[in-house]
Amino acid sequence: MGIGDKAKNKAEELAGKAKAAAGDATDNRDLEAEGRTQEAKADVKQAGENVKDSGDDVADALRSASGATKFDNDRDDTLR
């Protein structure tokens, strides 16, 4: 996935950590829980991004090993 998505996820994670810390410092359990939830959601999104990246890496490795290119499937075989 794009770097922009990863940056958004990291920013959301940091915002959640800050919110949780603020809730902890002020004994506001609701704010702390909200921050932990926000942080967890960002972690899940980032894990999804990592899975997508791993899938792309595997596909690239298989293409490389076979000598194929990303665009081999895009051509029109009926023109041969």
Side-chain angles (χ1 to χ4, degrees):
M1 214 46 177
I3 291 178
D5 290 332
K6 290 180 183 181
K8 281 184 199 178
N9 293 339
K10 190 63 170 177
E12 187 175 342
E13 178 188 348
L14 293 174
K17 283 184 180 195
K19 198 180 282 186
D24 185 41
T26 60
D27 284 334
N28 184 336
R29 290 182 183 204
D30 290 338
L31 183 60
E32 184 178 359
E34 184 179 329
R36 299 266 181 239
T37 300
Q38 184 176 356
E39 186 179 351
K41 285 181 183 179
D43 288 343
V44 169
K45 287 179 186 178
Q46 189 59 42
E49 298 294 334
N50 291 341
V51 168
K52 288 178 190 177
D53 289 345
S54 295
D56 290 343
D57 291 345
V58 168
D60 290 343
L62 290 172
R63 273 194 222 69
S64 177
S66 70
T69 67
K70 188 181 270 189
F71 304 105
D72 282 349
N73 291 333
D74 292 343
R75 67 176 185 225
D76 188 359
D77 288 334
T78 60
L79 297 176
R80 289 191 202 184

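Computed over heavy atoms, backbone and side chain alike; hydrogens, waters and symmetry mates excluded.
- Of all heavy-atom pairs between Asn9 and Ala42, the closest is O-CB, 3.4 Å.
- Every residue two or more places apart in sequence or in another chain that forms a side-chain contact (heavy atoms from CB on, under 4.5 Å) with Glu32 is listed here: Ala20, Asp24, Arg36.
- To the nearest 0.5 Å, atom NZ of residue Lys19 and atom CG of residue Asp30 are 12.0 Å apart.
- Annotation: the span from Asp43 atom CG to Gln46 atom CD amounts to 8.5 Å, rounded to 0.5 Å.
- With sequence neighbours excluded, no residue forms a salt bridge (charged side-chain N to carboxylate O under 4.0 Å, His left out) with Lys41.
- Scanning all heavy atoms of the two residues, the minimum distance from Ala15 to Gln38 falls at CB-NE2, 3.6 Å.
- To the nearest 0.5 Å, atoms CD1 (Ile3) and NZ (Lys10) are separated by 14.5 Å.
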Is there a salt bridge (charged side-chain N to carboxylate O under 4.0 Å, His left out) between Lys45 and Glu49? Walk through the geometry before answering.
CA-CA 6 Å; Lys45 287 179 186 178; Glu49 298 294 334; over 6 Å; no
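- We find that Lys8 and Glu12 are not joined by a salt bridge, their nearest charged nitrogen and carboxylate oxygen being 4.0 Å or further apart.
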